[in-house]
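Numbers for residues simply follow the sequence, beginning at 1.
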Amino acid sequence: MDVLAILISIVLIVLAILHFFWALFGIKEPEAVVPTSIGSNQVKTPNKIMAVLVGLILLGFAFVFINKISNYVDYAWLRYVSIGIGVIFIIRAFGDFKYVGFFKTAKNSKFSALDTKYYSPLCLLMGVLVLILEFIG
């Protein structure tokens with residue numbers, strides 16, 4: 001199960017680096033990574049501070065799974081944090097029923113197509129792998 005923890009950590013670190021890159025250099029195609037409001041073609045420009053914050057949260061998540069291998073910090077409650085992370089990813093996969101997730105109603109943008117094809121399945125896979133790691137591993 002160490003391999004699974006490493007895989008989850010790598011994905012989270014790559015996603016964090018991507019958010020830091022966006023914060024530093026901007027997003028080349030914001031319509032591909034930011035939901036567009038229903039009835040609007042204008043994409044809201046993401047805040048650089050929020051991109052950094054999301055990157056830091058993703059790095060924190062990665063630390064939880066790196067810690068499973070190294071046992072640097074040995075707290076029993078970290079298992080519940082890990083389960084919470086898995087649940088967060090599964091909830092993101094199902095979405096808010098409007099702009100993100102498998103059951104979104106706003107399907108008028110480039111983001112919604114990419115979300116259905118890549119982002120939501122990745123979140124579902126990450127959530128399921130985290131829960132497998134916690135309950136089976």
Side-chain angles (χ1 to χ4, degrees):
M1 287 297 159
D2 286 350
V3 173
L4 193 54
I6 291 170
L7 177 69
I8 292 168
S9 298
I10 289 171
V11 171
L12 290 169
I13 290 168
V14 167
L15 291 173
I17 290 169
L18 184 63
H19 281 82
F20 293 138
F21 179 85
W22 287 338
L24 288 173
F25 302 108
I27 301 172
K28 301 292 183 220
E29 274 189 276
E31 65 274 359
V33 295
V34 180
T36 305
S37 298
I38 296 175
S40 171
N41 289 334
Q42 189 151 11
V43 177
K44 193 174 177 183
T45 305
N47 187 341
K48 292 179 184 280
I49 293 172
M50 290 306 292
V52 170
L53 182 64
V54 170
L56 290 173
I57 290 169
L58 290 168
L59 281 180
F61 287 178
F63 173 75
V64 170
F65 297 103
I66 291 170
N67 187 58
K68 290 198 159 301
I69 302 161
S70 66
N71 286 324
Y72 183 73
V73 179
D74 191 21
Y75 293 116
W77 54 267
L78 278 176
R79 180 172 191 264
Y80 299 109
V81 171
S82 179
I83 292 168
I85 292 168
V87 170
I88 287 170
F89 275 109
I90 290 172
I91 289 171
R92 164 53 183 91
F94 287 108
D96 64 356
F97 300 103
K98 192 168 186 180
Y99 295 112
V100 298
F102 288 119
F103 302 108
K104 65 185 156 296
T105 55
K107 297 182 180 185
N108 61 336
S109 66
K110 185 173 184 179
F111 171 82
S112 65
L114 292 171
D115 182 58
T116 301
K117 194 171 183 180
Y118 299 112
Y119 310 149
S120 291
L122 176 64
C123 287
L124 182 62
L125 178 65
M126 289 289 288
V128 168
L129 290 178
V130 168
L131 294 180
I132 287 172
L133 181 66
E134 287 306 321
F135 291 116
I136 296 176

| query | Given Ile66 and Ile13, is the side chain to side chain contact (heavy atoms under 4.5 Å, CB included) satisfied, shown in steps? | reply | CA-CA 11 Å; Ile66 291 170; Ile13 290 168; 4.1 Å; yes
Find the distance between [atom1] ([X]) and [atom2] ([Y]) and round it off to the nearest 0.5 Å.
X	Y	atom1	atom2	value
Ser120	Phe94	OG	CZ	10.0 Å
Phe89	Leu124	CZ	CG	11.5 Å
Phe65	Leu129	CZ	CG	9.5 Å
Trp22	Asn47	CH2	CG	14.0 Å
Lys110	Glu29	NZ	CD	3.5 Å
Ile88	Ile83	CD1	CD1	12.0 Å

| Residue pairs involving residues 61-87 (criterion salt bridge (charged side-chain N to carboxylate O under 4.0 Å, His left out); sequence neighbours excluded) |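 Pairs touching residues 61-87 that pass the test: Lys68-Glu134, Arg79-Glu134.
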Please give me the minimum heavy-atom distance between [X] and [Y], naming the atom from each residue.
X	Y	answer
Ile6	Ile69	CG1-CD1, 3.1 Å
Ala51	His19	O-CB, 3.4 Å
Leu59	Phe20	CD1-CE1, 3.5 Å

Spell out, yes or no, whether [X] and [Y] are grouped together once hydrophobic residues are joined by side-chain heavy atoms under 4.5 Å, including indirect joins.
X	Y	answer
Ile17	Val52	yes
Leu125	Val130	yes
Val81	Leu56	no
Val3	Ile132	no
Val100	Ile27	yes

| request: Using salt bridge (charged side-chain N to carboxylate O under 4.0 Å, His left out) as the criterion, list what pairs up with Lys98, not counting sequence neighbours. | output: none
| Residue pair Leu15 / Phe61, side-chain heavy-atom distance below 4.5 Å | no
Please check if the number of heavy atoms outside [X] that lie under 6.0 Å from its [atom1] is greater than 12.
X	atom1	result
Ile49	CD1	no
Met50	CE	no
Tyr80	OH	no

| message | Is it the case that the side chain of Lys48 and the backbone of Ala23 share a donor-acceptor pair, with hydrogens and angles ignored and the cut-off at 3.5 Å? | response |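 Between the backbone of Ala23 and the side chain of Lys48 there is a qualifying donor-acceptor contact (under 3.5 Å).
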| field | Side chain Asn67, main chain Tyr72, donor-acceptor under 3.5 Å | value |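 Yes.
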| message | Just to verify, what does Phe25 make a ring pair (Phe, Tyr, Trp, His ring centres under 6.0 Å) with, not counting sequence neighbours? | response |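 Scan of Phe25 (ring pair (Phe, Tyr, Trp, His ring centres under 6.0 Å), adjacent residues dropped) gives Phe21.
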| Asp115 and Lys107 ion-paired at < 4.0 Å |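 So Asp115 does not pair with Lys107 through a salt bridge.
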| Passing option when Ser82 is tested against Val64, Ile8, Leu131 for side-chain contact (heavy atoms from CB on, under 4.5 Å) |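 Between Ser82 and the candidates, side-chain contact (heavy atoms from CB on, under 4.5 Å) is satisfied uniquely by Val64.
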| query | What orientation do Tyr119 and Phe111 show, parallel under 30°, tilted 30 to 60°, or perpendicular over 60°? | reply | tilted
